[in-house]
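One structure is given here, and the rest of the page talks about it.
Chain A is the first sequence line, chain B the second, and so forth, proteins listed ahead of strands; every chain is numbered from 1.
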2 protein chains.
Amino acid sequence: MAIDRRKQIIEAATSSFSLYGYKATTIDQVAKLANVGKGTIYTFFKNKEELFDEIINGLIIEMKAVANEAVSHSDSFYENVHRALYRLLEFRKQHQLTIKLSQEARDIGTPAVVEVMEKLELAILNFIKDKVVLAIKKGEIKECDPEITAFIMMKLYIALIFDWEKKHKPLGKAELSQLFEFYIFKGLST
Amino acid sequence: MAIDRRKQIIEAATSSFSLYGYKATTIDQVAKLANVGKGTIYTFFKNKEELFDEIINGLIIEMKAVANEAVSHSDSFYENVHRALYRLLEFRKQHQLTIKLSQEARDIGTPAVVEVMEKLELAILNFIKDKVVLAIKKGEIKECDPEITAFIMMKLYIALIFDWEKKHKPLGKAELSQLFEFYIFKGLST
DNA sequence: GAATGACTAAATGAACAAAACGGTCATTTG
DNA sequence: CAAATGACCGTTTTGTTCATTTAGTCATTC
């Protein structure tokens, strides 16, 4: 046993971050969970934050894969963006790590965690931005600033999923898709 | 001197809430500022929170007036909503009381303040909702759920004004109007 | 020479005492 | 005598102390 120590450490840390958050996870705990001496962790990672960043980078790669899986070339731009955003936010809702971290960012404001959550949001933003650029080239949508468009799409989606739920009953996937199409694509004007 | 004690108290409290926030304002302080005995405050207001609510109700009335002034019957629905929202958020940015309170809600989460900020948001939401209902009746916009529409409009606006500024240079009034029209009214579809 | 855990300086938080708080009410005032 | 008041009360918040815990190091081990 105990061959790939690096992987063991990452797995132990991921598990502990998911369960207790970043701040409440101690290096001693991770070492114990990984069946590794504490010093060993520091031969692989400069410090606690670098270990954390490594894990988040893995998460971002995972999320990109999830988002790309949701995209189908035979579907329209808006269907693809809707499905990708939906899957991404579903991912966030289902993965203990992202849940715990967004709680910690909101409730405690641990700087390292806030930073990382911004990085995650930026990754999503860039994903959409790329899709927007492509859609403009293909003539699927009007000419527009891809950055603002991606920003608006994400903000709208987050508002509809997270903020709307605070005071109303949650919107289903189909409703969400419809609203997204109605407001962003078709427009309100008669 | 010292005739309208009620008004004096309200003015003193408003000033102190604006300067120090709700939590950091003490009744003793308000009494001193208002040149009034502490007990006198309690002959007009049941407690600190009721005094606070009274002030906020005044603020809501003021904001309604501001919003209504921005509406002109000769202009289109989207121009009116844009102008009203713009003025409302400008109002929020300029009035020390609302600035201090949104800081306190975000940073400390004082329950009474969070509650009051939600009330303020609801007032804006209802204002827009009414305009939406009217616009549908007049055939100015498509049939839609007025509540969701108002919600989306406000969220979009807040995102464009407050969130966009965090990472980019602020959008001017004209840009804002254009974006609002482009995304919500015209739609992205070609 | 890779792995380790005892070690250290810094950060944290439990526990306690002191101060400040919102709200009351017996007394004062005009 | 009705309206105004501030000393007073029980509770909450704040400042302080100090024992514990923490991230990170490094001499020792295998």
Side-chain angles (χ1 to χ4, degrees), chain A residues 1-17 19-56 100-101 104-105 107-116, chain B residues 1-56 100-101 103-105 107-116:
Chain A
M1 66 164 190
I3 11 164
D4 196 348
R5 302 176 123 70
R6 192 173 200 281
K7 200 177 162 191
Q8 280 176 286
I9 293 165
I10 293 233
E11 273 169 11
T14 303
S15 162
S16 186
F17 287 150
L19 231 48
Y20 311 109
Y22 175 75
K23 204 187 168 200
T25 289
T26 69
I27 296 290
D28 279 303
Q29 202 178 109
V30 173
K32 202 163 275 178
L33 254 169
N35 275 111
V36 144
K38 196 214 282 223
T40 310
I41 294 179
Y42 288 90
T43 67
F44 290 108
F45 307 96
K46 211 178 76 211
N47 51 39
K48 190 182 175 184
E49 197 164 342
E50 200 174 277
L51 167 59
F52 186 42
D53 279 341
E54 202 99 356
I55 288 171
I56 296 299
K100 200 77 205 176
L101 291 180
E104 191 173 343
D107 300 340
I108 316 185
T110 319
V113 178
V114 172
E115 207 175 280
V116 139
Chain B
M1 67 162 188
I3 12 164
D4 196 348
R5 304 178 121 70
R6 193 172 201 282
K7 200 178 162 191
Q8 279 176 285
I9 293 165
I10 293 234
E11 271 167 15
T14 303
S15 162
S16 186
F17 287 149
S18 300
L19 231 47
Y20 311 109
Y22 176 75
K23 204 185 168 203
T25 289
T26 69
I27 296 291
D28 280 302
Q29 200 178 111
V30 173
K32 202 163 277 179
L33 254 168
N35 276 110
V36 145
K38 196 214 281 225
T40 310
I41 293 178
Y42 288 89
T43 65
F44 290 108
F45 307 95
K46 211 178 75 212
N47 52 37
K48 190 182 176 184
E49 198 164 343
E50 200 175 278
L51 168 58
F52 185 43
D53 280 340
E54 201 99 358
I55 289 171
I56 297 300
K100 201 77 203 175
L101 292 180
Q103 275 173 7
E104 189 172 344
D107 301 340
I108 316 184
T110 318
V113 177
V114 172
E115 208 175 279
V116 140

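Separating the CZ atom of A:Phe52 from the C1' atom of D:dA23 is a distance of 16 Å, rounded to the nearest angstrom. One interatomic measurement links the two molecules: CG of B:Asp4 to P of D:dA3, which rounds to 15 Å at whole-angstrom precision. Between B:Ile41 atom CD1 and D:dA3 atom C1' the separation is 15 Å, expressed in whole Å. Nucleotide D:dT5 holds its C1' atom 17 Å from the CZ atom of B:Phe45, rounded to whole Å. In this structure, B:Arg6 places its CZ atom 15 Å from P of D:dA3, rounding to the nearest Å. Atom pair A:Leu51:CG and D:dA23:P shows a separation of 11 Å (rounding to whole Å applied). In this structure, the CG atom of A:Asn35 is 14 Å from the C1' atom of C:dA3, given to the nearest Å.
Within residues 22-30 of chain B, the residues having any heavy atom closer than 4.0 Å to DNA chain C are, in order of number, B:Thr25, B:Thr26, B:Ile27.
B:Lys7 meets the side-chain contact (heavy atoms from CB on, under 4.5 Å) test with B:Asp4, B:Glu11; sequence neighbours excluded. Shown here are the side-chain contact (heavy atoms from CB on, under 4.5 Å) partners of A:Ser16, two or more places apart in sequence or in another chain: A:Tyr20, A:Thr25, A:Gln29, A:Leu33. When the salt bridge (Lys or Arg N to Asp or Glu O under 4.0 Å) test is applied to A:Glu104, no partner is found at least two apart in sequence or on another chain. Considering only residues two or more places apart in sequence or on other chains, B:Lys48 meets the salt bridge (Lys or Arg N to Asp or Glu O under 4.0 Å) condition with none of them. Partners of B:Gln103 according to the side-chain contact (heavy atoms from CB on, under 4.5 Å) rule, which considers only residues two or more places apart in sequence or in another chain, are B:Ile99, B:Lys100, B:Arg106, B:Asp107.
The phosphate of C:dT4 has OP1 or OP2 within less than 4.0 Å of a side-chain N or O from A:Arg5.
With values rounded to the nearest 0.5 angstrom, B:Thr14 atom OG1 is found 3.5 Å from B:Ile55 atom CD1.
Applying the salt bridge (Lys or Arg N to Asp or Glu O under 4.0 Å) test to every pair with at least one member in residues 30-43 of chain B, sequence neighbours left out, gives these pairs: B:Asp28-B:Lys38. The ring-ring contact (aromatic ring centres under 6.0 Å, His included) contacts involving residues 34-56 of chain A comprise A:Phe17-A:Phe52, A:Tyr22-A:Phe52, where partners must be two or more places apart or lie in separate chains.
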What nitrogen or oxygen pairs link the protein and nucleotides 25-30 of chain C at under 3.5 Å?
none

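Contact of the B:Leu101 side chain with the B:Ile56 side chain is registered, since non-hydrogen atoms from C-beta on lie closer than 4.5 Å.
Both A:Asn47 and B:Lys38 lie close to DNA chain D; mapped to their nearest nucleotides by heavy-atom distance, the more 5′-ward contact belongs to B:Lys38.
Between the side chain of A:Lys48 and the base of D:dG24, no donor-acceptor pair of N or O atoms lies under 3.5 Å.
Of the listed nucleotides (D:dA4, D:dA7, C:dA3), D:dA4 has the atom at the smallest distance from the side chain of B:Thr43.
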